[in-house]
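This report refers to the structure that appears directly beneath it.
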Amino acid sequence: MASQRLEGKVALVTGAAKRIGRSIALRLAADGADVVVNYAHSKAEAEELVREIAARGRRALAVEADVSRSEDVRRMFAAVEKEFGRLDILVNNAGIIFRAKFEELTEEQWDRIMGTNLKSIYLCSQAAAPLLRRQGGGHIVNITSLGGLLPWPEFTHYCTSKAGAIMLTKCLARVLGPEILVNGVAPGTIQFPGEPPDETYIRRVPLHKTGTGEDIADAVAFFLQSEFITGQTLAVDGGRVLT
């Protein structure tokens with residue numbers, strides 16, 4: 001049974017239409033929050049998620065915005081304020097990943113991944129801070145990656161963006177505290193129904209399995225119920241960082 005401990009709260013999840021973002025949005029709704037579903041391209045999936053959240057008795061709003069663009073971010077937060085009049089939780093989940101050898105990495109690719117994975121956290125957190133403080137405080141949770149903790153060949157650009165996200169989490173915890181708590185979740189390999197199992201990962205990690213979207217949503221929910229944790233990044237990875 002849902003706890004409804006977030007009753008009356010409003011949460012915004014970036015990149016929420018699919019995969020991890022969708023799992024987080026559904027968990028926050030199950031815990032009683034109304035949810036803003038941000039998407040960049042996945043309109044159909046975002047609108048379906050809004051319908052699913054509404055069917056569970058919560059308010060939901062789908063907002064198209066490229067969170068690497070300041071004008072889109074300003075428009076999105078204006079829509080949140082107009083529709084709900086408040087914001088209590090921001091989950092910076094939007095992110096991209098692609099493989100590229102460093103010698104062949106283009107400037108456009110570098111800028112694109114930094115914009116989506118790192119700049120978006122800065123833009124959204126900066127826009128969210130006044131709304132969160134208006135309610136007396138709130139929570140920001142950044143979805144980072146093990147790539148920010150471990151160097152991966154052919155993912156220099158991605159690892160750098162996620163390492164930056166982890167440091168930004170620490171910095172934001174200092175500059176936005178004490179009213180706003182800022183933490184991060186670093187997923188390991190997360191798989192969804194219909195995807196072939198990552199046998200290499202499963203053999204390597206101590207728990208011998210990959211994670212689910214619900215595992216990441218649980219970690220987000222953990223941070224949201226704490227008022228004495230800030231600036232931390234939790235690896236949710238089956239023990240991958242130990243190997």
Atom pairs and distances, side-chain donor-acceptor, residues 169-178, under 3.5 Å, sequence neighbours left out:
residue : atom : partner : partner atom : Å
T169    : OG1  : N142    : ND2          : 2.9
T169    : OG1  : A165    : O            : 2.8

Can you check whether [X] reaches [Y] side chain to side chain, under 4.5 Å on heavy atoms?
X: P153; Y: F102; result: no
X: S125; Y: L90; result: yes
X: V241; Y: L149; result: yes
X: L118; Y: L168; result: yes

(request) For T144 and V185, run side-chain contact (heavy atoms from CB on, under 4.5 Å): C-alpha distance rounded to whole Å, both residues' side-chain angles, the deciding distance at 0.1 Å, then the answer. (result) CA-CA 6 Å; T144 64; V185 178; 5.9 Å; no

Do you know which two heavy atoms are closest between [X] and [Y], and how far apart they sit?
X: L87; Y: A128; value: CD2-CB, 3.9 Å
X: A219; Y: V236; value: CB-CG2, 3.8 Å
X: T230; Y: L181; value: OG1-CA, 3.6 Å
X: G115; Y: S68; value: O-CB, 3.3 Å
X: Y158; Y: S145; value: OH-OG, 3.0 Å
X: T212; Y: I190; value: C-CG2, 3.5 Å

Hydrophobic clusters here meaning ILVMFWY residues chained together by side-chain heavy-atom distances under 4.5 Å, can you tell me if [X] and [Y] are in one?
X: L6; Y: L49; value: yes
X: L26; Y: F222; value: yes
X: L61; Y: Y39; value: no
X: I121; Y: L131; value: yes
X: I229; Y: I24; value: yes

(request) Take V73 and F77 through the side-chain contact (heavy atoms from CB on, under 4.5 Å) test and state the conclusion after the steps. (result) CA-CA 6 Å; V73 170; F77 279 89; 3.7 Å; yes

Rounded at 0.5 Å granularity, tell me how far [atom1] in [X] sits from [atom2] in [Y].
X: L12; Y: L28; atom1: CG; atom2: CG; value: 10.5 Å
X: I140; Y: D88; atom1: CD1; atom2: CG; value: 12.0 Å
X: Y201; Y: Q191; atom1: OH; atom2: CD; value: 10.0 Å
X: I20; Y: I216; atom1: CD1; atom2: CD1; value: 5.0 Å
X: S23; Y: D218; atom1: OG; atom2: CG; value: 10.0 Å
X: I202; Y: H208; atom1: CD1; atom2: NE2; value: 10.5 Å

For [X] and [Y], does a side-chain donor sit closer than 3.5 Å to a side-chain acceptor?
X: N38; Y: T14; answer: no
X: E227; Y: H139; answer: yes
X: S120; Y: N92; answer: no

Look only at the side chain of [X] and the backbone of [Y], and say whether a donor-acceptor pair between them is shorter than 3.5 Å.
X: S42; Y: E45; result: no
X: R59; Y: E83; result: yes
X: N117; Y: M114; result: no
X: E195; Y: F192; result: yes
X: N93; Y: G15; result: yes
X: N183; Y: G231; result: yes

(request) List in chain and number order the residues that pass side-chain contact (heavy atoms from CB on, under 4.5 Å) with E103, two or more places apart in sequence or in another chain; answer none if no residue qualifies. (result) K101

Going by an N to O cut-off under 4.0 Å, is there a salt bridge joining [X] and [Y]?
X: R75; Y: E64; result: no
X: E52; Y: R58; result: no
X: E48; Y: K43; result: no
X: D72; Y: R74; result: no
X: R86; Y: E81; result: no
X: K9; Y: D34; result: no

(request) Given side-chain contact (heavy atoms from CB on, under 4.5 Å), test I180 with R133 step by step and report yes or no. (result) CA-CA 7 Å; I180 301 170; R133 285 201 170 110; 3.9 Å; yes

(message) Here's a test for you: under side chain to side chain contact (heavy atoms under 4.5 Å, CB included), which of L234, V141, I89 qualifies with V220?
(response) V141

(message) Taking CD in E199 as the centre, count heavy atoms belonging to other residues, nucleotides or ligands within less than 6.0 Å. Is the count above 12?
(response) yes

(request) Enumerate the residue pairs fulfilling side-chain hydrogen bond (donor to acceptor under 3.5 Å, both in side chains) with a member in residues 231-243, sequence neighbours excluded, ordered by first and then second residue. (result) R204-T243, R240-T243

(request) Tell me whether the guanidinium CZ or amine NZ of R112 lies under 6.0 angstrom from the six-membered ring centre of F98 and within 45° of its axis. (result) yes

(request) Start with the C-alpha gap between R69 and D66, add the side-chain angles, then the distance that decides, and say whether side-chain contact (heavy atoms from CB on, under 4.5 Å) holds. (result) CA-CA 6 Å; R69 296 171 56 88; D66 179 345; 3.3 Å; yes

